[in-house]
Amino acid sequence: MTESKRLLLIDGNSVAFRAFFALYTSLNSFTNADGLHTNAIFGFNKMLDIMLAQVKPTDALVAFDAGKVTFRTKKYADYKGGRSKTPPELSEQMPEIRRLLTARGIKSYDLPNFEADDIIGTMAKQAEQAGYTTTIFTGDRDLTQLTSATTSVAVSKKGVSEVETYTPAHVEEKLGVRPDQIIEIKGLQGDTSDNYPGVTGVGPKTAVNLIQKYGTIDGVYDHIDEITAKKMKEHLVEDKDSAFSSRDLATIRRDAPVEISLADLTYLGDQQEELVAYYQQMNFQSFLNQMSADADGDDILGLKPVSFTVLTDQNVAEVNKLSGSVSFYLEMPEANYHTSPFVGFVIGQDDNWYVSRDVELLQTPALKQLLSSQKIKKDVFDAKRTYVGLNRLNVSLDNVDFDLLLASYLLDTNENSNDLGRLAFQHGYHDIQSDEEVYGKGAKRAIPDDDQLLFEHLTRKGIAIAALKPSLFDQLETNEQSDLYRNLELPMAFVLAHMEIAGITVDTDRLSEMQSQFTELLAQTQQTIFQEAGEEFNIGSPKQLGHILFEKLGLTPLKKTKTGYSTSVDVLEKLAAEAPIVENILKYRQIAKIQSTYVEGLLKVVHSIDQKVHTRYIQTLTQTGRLSSVDPNLQNIPIRTEEGRRIRQAFIPSHEDWQIFSSDYSQIELRVLAHITHDQNLQAAFKDNEDIHASTARRIFRLAPDAEVTPNMRRQAKAVNFGIVYGISDFGLSQNIGITRKQARTFIDTYFEEYPGVKQYMEDIVASAKEKGYVETIAHRRRYLPDINARNFNQRSFAERTAMNTPIQGSAADIIKIAMIKMEDAIKDMQATMLLQVHDELIFEAPAQEIATLEKLVPSVMDSAVKLEIPLKVESHYGNTWYEAK
DNA sequence: CCGGTCACG
DNA sequence: ACGTACGTGACCGGA
């Protein structure tokens, strides 16, 4: 038997399209010296590498669309109508991709009047008859209709490296029909992106049901009289022509008049000289390196070689020759740097890089002094992480100048990878790998034993930090964000580090006591529920619960989710009157949540050494500038229900006779709103220290000056105020307070009449976002809104609400951060310690005798953090536990 | 690993 | 007509 032939067929346009959008956020860091965008070319080549490695083809072809006019558009003028134009940044790359293919020894081909699909369908059929094994690579799932015993279809999913491979069995499993029936489905349901209609009212589910029952569209019409659903039958009869023509449009041709044959498709492999020239022209350093590495048989994966010195006790003093700015990186492989092991470190500058696995070297005088030196600037990736890690080694870190992670987050909150390599790559620095590439992922993740591998990776991290510093600083300056970086976020990192290191003491006995109580309560409630249900089931499973409530007990399903019946609180609360079981389920859920997340969850993360929990504040995650808290999250400890609130009894001071002290901003977001909108009426309410929700109620209900604001009016006005901050919609408001959409509309209209400044601001900020592509906070924190001009209504509306909300939520975040930096200085001579931040609230512990001082000091620091057009208001509380500080 | 649910501001 | 409130994290069940 001759060697088997393996054919790789690639849908050029769709893969290029996928590559372009997978690397869309890095569009501007992928340009060559001629100003040509190269992201799609780069991504295409990456994907190509993956497919070549996987398929090891003997023959290959990349098919392209010849143009807009095809036999399909001739039959049906609207085919693919309404599609937005290919972005010019992608169009300019298409000819270059074809040049790339030539250099890589792969044939490319297009055929006038036909789409790439038809070329692929035709060649795949020929290959099947000739006994080839064929793999089709595309971004378009419609091609899965071509799968057969010898033809599989790999569809690229997310990013450039993920593909899902379809065989006939996988198609059936996933879609519910055989590959040859896909066109029947498409005929019935149509295709919005290709713009053909199918049959009115028939979506994916109905289409699959019909085809499963009748096999084909012809089968459906042969049995049209069996269809009982009246409306559907009418639509089917009416749209019969459309069904058949839609099926025709969906059918990939397998007999296109191609002028090539299988014999022309031999895969020639890389044309070395041509490819080197090509990569050079495109500035693809990493592909060039990969080529030279492959040629050497070297396995360093295409990166420039780096040199480093391994530090030991003997030569550690060599670091004394470093001066000016040094890059430093401390490797801790686990996310939680309070407990992660240490793997090693790198320190250096220019061509002098020092590495070691032995972190105890950091405690030697040379390194210790260097790291705390006021004269030598330190450039790092994640200053807070580095500071806390070094603190565990009793080494202090001072004079940090550049934090790659933090700067990168401020420049674009959307590009917020935690991986140095990945982030560097996004900023156009390619001479580095991600941790995942070097260390592996999941169960296979491991720090290499090979010193060379580890030290090279660490050295590359050090070099990347240094390499990116000038350009990121430049960009911060251009964005007027240098002040935000230097005087707000960078100092903030160390304030947070101190709070994390301090931790908060947990009364584990109190938690254990609660644990037994809840265990018993849960068991009782569970038994009651089982009796009411008449059987045992898993209450925690929405699927099983839905079955019991809506099928067995016959309650009315009010809302559905993607996967079944919704059993969320708002649904269950509406059903509570129908059956007593519902109330018990709500109770069970509430207690189960407290038990698993707060009692048991918290107990799991208490450090046995100091009886404390040490959260990590993630400073570079949220899109608005807020912090987030993980491991454990101390920003969502219950307060709204009494049972939950008691969790706070377990948060106690770390010393006898100390107290928990807490101060919170009152209505900070609405005050920020009053400030940035300059609305005179809203500002007047705050200047007069009014109850803001009551004040809003007076206005939106147009009450006379002496009329009383009822609690219900105040409640509704409060919801309107929230709605305004969130970027209001009548639907959202109506859902929230259970009124009609029309009533909600009236509230909103009246609100805007009463607060014209707010209305003006909302219009202006959306217009500005559409023009600039981003919005800003008072401290110049920036959030890009790529969807603000989207054609999709949903995406665009979301971006518009975000444009309205982000300056408000983000400026409030700026304010409390400024207050925290000032606070650390204000209490530096006291024993009081700042422990937690919960968005608009700061929590301290302090000796009882310092409480009186704090009561004056903390509010004064907080309300004078920034000067706004309205006053800020702060309220304080204290007690023996966090629970009592209310 | 994702979706549903629910805890917070 | 479209189908929505803004920002988070942890847990569980079930692919």
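Any value given below was found using the heavy atoms of this structure, including those in side chains, with hydrogens, waters and symmetry copies removed. All chains are named by letter (A, B, ...) in the order of the sequence lines, taking the proteins before the strands, and each is independently numbered beginning at 1.
- In this structure, CD of A/Gln619 is placed 20 Å from P of C/dG7, rounded to the nearest angstrom.
- Partners of A/Phe798 under the side chain to side chain contact (heavy atoms under 4.5 Å, CB included) rule, at least two apart in sequence or in another chain, are A/Arg801, A/Thr802.
- A/His877 is linked by a ring-ring contact (aromatic ring centres under 6.0 Å, His included) to nothing, counting only residues two or more places apart in sequence or in another chain.
- The residue A/Gln735 sits apart from the nucleic acid: no heavy atom pair falls under 4.0 Å.
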N/O-N/O pairs, protein side and nucleotides 10-12 of chain C side, under 3.5 Å:
| from | atom 1 | to | atom 2 | distance (Å) |
| --- | --- | --- | --- | --- |
| C/dA10 | OP1 | A/Asp631 | N | 2.9 |

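- The CG-P distance, from A/Leu670 to C/dC6, rounds to 17 Å in whole Å.
- Residue pairs meeting the ring pair (Phe, Tyr, Trp, His ring centres under 6.0 Å) criterion with at least one partner in residues 624-646 of chain A, sequence neighbours excluded, do not occur; the list is empty.
- Residue-to-nucleotide contacts include a donor-acceptor pair under 3.5 Å from the side chain of A/Gln809 to the base of C/dC6.
- For A/Thr563, the side chain to side chain contact (heavy atoms under 4.5 Å, CB included) test picks out A/Thr561, with sequence neighbours left out.
- Side-chain atoms of A/Arg783 and base atoms of C/dG7 include no donor and acceptor less than 3.5 Å apart.
- Not a single donor-acceptor contact under 3.5 angstrom links the side-chain atoms of A/Ser628 to the base of C/dT8.
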Pairing string, 5' to 3', for DNA chain C - Watson-Crick or wobble contacts under 3.5 Å, brackets [ ] where pairs cross, | to another strand: .....|||||||||.
side-chain hydrogen bond (donor to acceptor under 3.5 Å, both in side chains) between A/Ser662 and A/Glu841, worked out: CA-CA 7 Å; A/Ser662 141; A/Glu841 180 185 11; 3.3 Å; yes
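- Between C/dG14, B/dG4, C/dT8, one nucleotide has an atom nearer to the side chain of A/Lys543 than all others, and that is C/dG14.
- Residue-to-nucleotide contacts include no donor-acceptor pair under 3.5 Å from the side chain of A/Arg626 to the base of C/dT8.
- Checking the phosphate oxygens (OP1, OP2) of C/dT4, no side-chain nitrogen or oxygen of A/Arg796 falls inside 4.0 Å.
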